[in-house]
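In the text below, chain A, chain B and the rest are named by the order of the sequence lines, each starting its count at 1. Predicted model, so just to flag it, every value in this text is computed and none were measured. We use all heavy atoms of the structure for the numbers below, so side chains are in, but hydrogens, waters and symmetry mates are not.
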2 protein chains.
Amino acid sequence: MHTRRRYHHGDLRSALLTRAEETLREKGPAALSLRELARDLGVSHAAPSRHFKDKQALLDALALTGFDRLDEAFATRLEEAGDSFPERLAAAARAYVDFGTANSELLDLMYSIKHTPEASEDLLAASQRWTDRTVGLIAEGQRRGEVREGPLERVGVGVFSTLHGYATLAASGSLPSEVREQGLDELVAYMLRGCAPAKAD
Amino acid sequence: MHTRRRYHHGDLRSALLTRAEETLREKGPAALSLRELARDLGVSHAAPSRHFKDKQALLDALALTGFDRLDEAFATRLEEAGDSFPERLAAAARAYVDFGTANSELLDLMYSIKHTPEASEDLLAASQRWTDRTVGLIAEGQRRGEVREGPLERVGVGVFSTLHGYATLAASGSLPSEVREQGLDELVAYMLRGCAPAKAD
DNA sequence: ACCTGAACACCGTTCAAGT
DNA sequence: ACCTGAACACCGTTCAAGT
């Protein structure tokens, strides 16, 4: 007797996203095709359109899951981290860099998608939420007196740029190989000096 | 009598690149099609294959022109800049950021292209050449005693990450609007503190 | 509600043939 | 040397029709 499976296995939408990420990772963004996805999952080529109005809609949704997982990894690292600002900044850096190296094509998709003329509302929100989260970390440091005073948008932009740049460079393989993991502590020290209070001694 | 024009106007290859960059800028990377390019230029759809074996080959060539122009802008700014390290770092930052905001889709292409399974030799070289150039700037600072000692790959990575991150964030519109131009001086100061010699006073 | 099958306009790539 | 025209396999999207 026909059990709970709807047509193929119950949740085509998430199956499409999962498969899409696999081929993105394995064959690159240019190889991503709705029809091939449908074939891989054993449904007709028109089936995906019930769940994503567009190929772009699927890409947006995929990027969104990326931001969700980045947030999650970020939160997890922060929970595990110590209480001091340097430790928390290091945890954030590690979360970002690890995510970027483990999901380089996805990270690229997450940020390149803004260049498409019509960017999804949810995606812009997710991107903004992620920005706010890392800026929030700087605010923490400020309250503890480990980050110089001033408006957050100005004080935080350096650290945010460094984190983003390092993560994307690591993801695109543009970082000298001897740097990566060992370089992270040094990068954190660099950021700390950069945003340290004006004068202490 | 048939003048010097070969078939259409003499240099299809560069005409393709020029037109490709226009549509990249105006309609985004997804809208780039060899056949439409050919139509726009009034040649047959098969004509581009004489100059680019592949769509990917055209994209690679386009990214390459991007690196060339970035190098050029960088060199020009450095010539105009004063002699001091802070001034030269500021000039470099401005060159990078201006290029990124004026050519955001192209900058994205230049770096995302490494995620394609088969990356062109020339393109990797151009990317490396650009990295070397900015690291060279750090080496300058080191010789003048304005940058801390240590191996260049380790000392330079912070500044390089910050520059790259700021430029790509600016390009993707992820930077709070009030920051951009005014924020650059502050960013330079942040980088200078980050890579300053260990102790001075 | 969810999917199929056929149809349409488009695409990248190849290749014999033209000048 | 450089380009055309036809051909092939593929693609995204739409829509009537099926269950």
Side-chain angles (χ1 to χ4, degrees), chain A residues 1-24 26-63 109 112-113 116-120, chain B residues 1-24 26-63 109 112-113 116-120:
Chain A
M1 45 298 278
H2 53 83
T3 45
R4 104 271 325 257
R5 41 204 317 297
R6 305 228 218 295
Y7 260 51
H8 68 301
H9 53 37
D11 191 355
L12 181 55
R13 194 193 131 91
S14 74
L16 283 165
L17 286 174
T18 303
R19 184 75 187 123
E21 185 174 352
E22 282 172 21
T23 76
L24 177 67
E26 289 163 11
K27 304 200 261 173
L32 214 62
S33 132
L34 285 179
R35 284 179 107 110
E36 185 171 335
L37 250 37
R39 276 195 302 269
D40 290 348
L41 298 176
V43 295
S44 87
H45 63 260
S49 76
R50 287 295 124 186
H51 303 277
F52 302 101
K53 81 175 234 292
D54 232 21
K55 186 181 184 182
Q56 189 59 50
L58 182 143
L59 293 178
D60 285 359
L62 192 55
L109 181 70
S112 70
I113 222 159
T116 74
E118 17 68 25
S120 114
Chain B
M1 47 294 282
H2 50 84
T3 45
R4 103 268 329 253
R5 43 204 315 294
R6 303 229 218 296
Y7 260 52
H8 68 302
H9 53 35
D11 192 355
L12 181 55
R13 193 191 132 91
S14 74
L16 283 166
L17 287 174
T18 303
R19 185 73 187 125
E21 185 174 352
E22 282 172 21
T23 76
L24 177 66
E26 288 162 12
K27 305 199 261 174
L32 214 62
S33 131
L34 286 179
R35 283 179 107 111
E36 186 171 334
L37 250 37
R39 275 195 303 269
D40 290 348
L41 298 175
V43 295
S44 87
H45 64 259
S49 75
R50 286 295 124 187
H51 303 277
F52 303 102
K53 80 175 235 291
D54 233 20
K55 186 181 184 182
Q56 189 59 51
L58 182 143
L59 294 178
D60 285 359
L62 192 56
L109 181 69
S112 70
I113 222 160
T116 74
E118 17 68 26
S120 115

**Prompt:** Leu34(A) side chain: which of dC11(C), dT14(D), dG12(D) is closest?
**Reply:** dG12(D)
**Request:** Rounded to the nearest angstrom, tell me the gap between atom CG in Leu41(A) and atom P in dT4(C).
**Result:** 11 Å
**Asked** Taking atom C1' of dT14(C) as reference, at what distance in whole Å does atom NE2 of His45(B) sit?
**Response** 9 Å
**Request:** Take the protein atom CG of Leu32(A) and the nucleotide atom P of dC10(D), then report the distance between them rounded to whole Å.
**Result:** 17 Å
**Asked** What are the two closest heavy atoms between Ala47(B) and Leu12(B), and how far apart are they?
**Response** CB-CD2, 3.8 Å
**Asked** Taking OP1 and OP2 of dA1(D), is either one under 4.0 Å from a side-chain nitrogen or oxygen of Arg13(B)?
**Response** no
**Asked** Of the non-hydrogen atoms in Ala38(A) and Ser44(A), which two are nearest, and what is the gap between them?
**Response** CB-O, 3.4 Å
**Prompt:** Hey, does His45(A) have a side-chain heavy atom less than 4.5 Å from the side chain of Leu34(A)?
**Reply:** no
**Request:** May I ask you to decide whether Glu36(B) forms a salt bridge with Arg19(B), counting only side-chain N to carboxylate O separations under 4.0 Å?
**Result:** no
**Item:** Pairing nucleotide - dC10(D), Watson-Crick or G-U, each distance under 3.5 Å
**Value:** none
**Prompt:** Which base sits across from dG5(C) as a Watson-Crick or G-U pair, both distances under 3.5 Å?
**Reply:** dC15(D)
**Prompt:** Between dG12(D) atom P and Glu36(B) atom CD, what is the distance in whole Å?
**Reply:** 17 Å
**Item:** Heavy-atom pair of closest approach, residues Ala20(A) and Leu58(A)
**Value:** CB-CD2, 3.9 Å
**Within-4.5 Å side-chain heavy-atom neighbours: Glu22(A) and Lys27(A)** = no
**Complete:** When rounded to whole Å, the CG to C1' distance for the pair Leu37(A) and dT13(D) reads 16 Å
**Prompt:** Between dT4(D), dC11(C), dT4(C), which nucleotide has the shortest distance from any of its atoms to the side chain of Val43(A)?
**Reply:** dT4(C)
**Request:** Give the minimum heavy-atom separation between Lys55(A) and Leu32(A), together with the two atoms involved.
**Result:** NZ-O, 2.8 Å
**Message:** Just to be sure I understand the geometry, which residues of residues 50-63 of chain B put a non-hydrogen atom under 4.0 Å away from DNA chain D?
**Reply:** Arg50(B), His51(B)
**Heavy-atom pair with the smallest gap, counting every atom of Leu17(A) and Leu62(A)** = O-CD1, 3.7 Å
**Request:** Using whole Å, report how far CZ of Arg35(B) lies from C1' of dA9(C).
**Result:** 11 Å
**Heavy-atom closest contact (Ser120(B) atom, Asp60(B) atom, distance)** = CB-OD2, 3.0 Å
**Item:** Residues within residues 16-23 of chain B bordering DNA chain D, heavy-atom distance below 4.0 Å
**Value:** none
**Prompt:** Below 4.0 angstrom from OP1 or OP2 of dC10(D), is there any side-chain N or O of Ser33(A)?
**Reply:** no
